[in-house]
Amino acid sequence: MMDLFSQIEEPEREELKALRKELEEANYKYYVLNMPTLSDREFDEKMRRLQDLEARYPDMFDPKSPTQHVGSDLVESQKSKDKSNKAFETVRHKYPMLSLANSYSREEIEDWVRKLPSGVEIVCELKFDGLSISLWYEHGQLVRALTRGDGVQGDDVIANIKTIPSIPWRIERTDIPDFFELRGEVLLPWERFEALNKEREEQEEPLFANPRNAASGTLKLQDPREVARRGLTAYLYYMLGENLPGTTHYERLATAREWGFHISDAIKVCHSVDEVMAYIAYWDTERKNLPVATDGIVLKVNNLAQQEELGYTAKTPRWAIAYKFPAEKQLTLLKEITYQVGRTGVVTPVANLEPIQLSGTIVQRATLHNEDFIKSLDIRPGDRVWVEKGGEIIPKIVGRDNPTPGEFYDRPQDARSSGALHPSREGEGFTFPTVCPECGTPLVRVEGEAAWRCPNEAGCPPQIKGKIEHFVSRKAMNIDGLGEETIDLLYRQGLLHNIADIYDLKAEDIAVQERLGEKSAQNMLAGIEASKSVPWARVLFALGIRMVGETTAKKIARVYTSIDLLQWATAEQLCAIEDVGPQIAENIVAYFNDIRNLEILDRLRKAGLRFEGEAAQGPQSDKLAGMSIVISGTFAQHSRDEYKTLIEANGGKNVGSVSKKTSFILAGENMGPEKLKKAEALGVKLMTEDEFLEMIK
Ligand code: IVH
């Protein structure tokens, strides 16, 4: 009898579980991704069947079942946010996510091959330029999708990864191991990247520099619907786990392809460096026709036993190496040089170019660095210049098309310099402007610096806005809801001219602004209010006195425990502070000598900012006096910054690297392997955060 029951029961219990999964997925696709996969009718039928089965097997009740809740458009990460206060769950990798050693030439590849067993097979693959991802499959089900993080632990971005059509949620096969992991690269295809940037440009949002940055920004969004809309894709290139089929990397990838994973076709088993070089030569050109960004190729030892034998260094496998394509360079016409004024008044020359396609994007502007750079290359409008774009950097001019010696240099007629045609490029050449292109103030060039600067700090628009942006930034006053665009908007509306104006903003002023609703106004005002409790050292940093960075501000605030004391300090007195040299001291004195600054400070004081500090009063105990302490790893109770403050507040010194002089290491989870090794070698003690907190209690 029992047997007969279980013969019916088992399959039904399985069906119940499968239905829950299927309906959960359907809900997600319908509500979150806006991509329904089942018709309403199918959905209802399946739901009804599930309800029946659940009624028949009450022991299988689960409050999380789709029968027990309505479909939600909350992502898993947001649900978990409520619990852990963090957007994504951080998870330890099963196998550390290492990087690859780089090579740039045939010689370097030969050097690497020489260290391998003779006759070794090498698999060549494209090196995709996106973000690495680790996908965990348990019983065929995608259960985690971890970013690389620090290599030891990463963020689980599964809700976003599930929006990528080529990543299977489930592998319906019986011949797969219980657990396996696939690693690969998440990418935003060129076409999507350009469309996204175009959209952002229209909405005056900051542009992404390249598809990798765009993919990275996208993967960290907390709105999978938006992620889905942007259209990420993925290529997988590495399968790991126990009891996997195959004895070579190539076979494993072929298996993964058979299981339904998206594996590039550009994979080739090579037997000689010549073959590898031919692969490189082919793909260096052909990659321009690919829909996604690549920045090199990856060479991997094919045989898995040989891979294991070769093993790993602390950071990279010995059985693989990357070859990076040289940065793409092209000649184009320099139409005009314009000038951009930065936050600190530095005037940067910008090359306006005849647009060219370079590393997949259209380039029409590039930096010319400074006057000396332009003069040293003798670059003038009308010249043909070499433009280079590597990785994430802004395109730059790296040279000028030199005329062949003895040949006439064909300088175009509209070149804005002396002669239109001349053999030696004699003549007056290029001259840097003498006044600020934004406000007309005569520029100054500080001795010893290459940059020209606009001294009109209080009246030059980009400087005004830049100062405000610095003031509200995270490490300064940390005012949420007041970003670059809002500052620009409020500046243009005449509501924001200096940092003190921030504290006069009223809800009505803000809410009526185009694009700023009442809710953002409330957010902003809450952020402004909260900034009033920012400690004195950070307020000092936020003021934006030239060359007074975060660390210097802390050191000054520790000695000058209030603004009233600091205001009357002489340059000589200030120089007595660690890290404060004559230039910084002069800048501080000059800041307090400017009546406009004093007026602003007065208004800030009235607004309630903290102009004196407790944290700034030097060590609160001497429990750690004379100790040098290294912080390593991640912590549960305080952030690393907070531990740094605690060390300093107790008279200790936080140092970066482990040496004989290190008193102890405050060691969190996943301490860096290098530090650990060194600590062991030198016999430096490790202390847990609990022990540390007990010690300074
Ligand atoms: S294999 C242990 N194969 O390049 C070796 N990596 O610079 C694991 N990458 O972190 C990596 N394309 O994000 C491998 N075909 C490919 C790759 C690739 C791109 C990325 C990956 C890695 C980085 C190292």
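One-based numbering, in listed order, for ligands and for the atoms of each. Reckoned from all heavy atoms, side chains included, excluding hydrogens, waters and symmetry mates. Each residue takes its place number in the sequence, starting with 1.
- The protein residues lying under 4.0 angstrom from ligand 1, judged by non-hydrogen atoms, are Leu98, Leu100, Glu125, Leu126, Lys127, Phe128, Ser132, Arg148, Glu185, Tyr237, Val298, Lys300, Pro317.
- At distances below 3.5 Å, at least one donor-acceptor pair connects side-chain atoms of Tyr137 with backbone N or O atoms of Pro168.
- For Glu110, the salt bridge (Lys or Arg N to Asp or Glu O under 4.0 Å) partners are Arg106, not counting sequence neighbours.
- Ionic pairing of Arg230 and Glu226 is present here: one or more N-O contacts between side-chain nitrogen and carboxylate oxygen are shorter than 4.0 angstrom.
- Checked against Phe180 for a ring-ring contact (aromatic ring centres under 6.0 Å, His included), the options Trp259, Tyr238, Trp136 give a single hit: Trp259.
- Residues satisfying the side chain to side chain contact (heavy atoms under 4.5 Å, CB included) criterion with Arg257, sequence neighbours excluded, are Ile263, Asp265, Ile267.
- Under the side chain to side chain contact (heavy atoms under 4.5 Å, CB included) criterion, Val346 pairs with Thr344, Thr348, Ala451, Arg453, not counting sequence neighbours.
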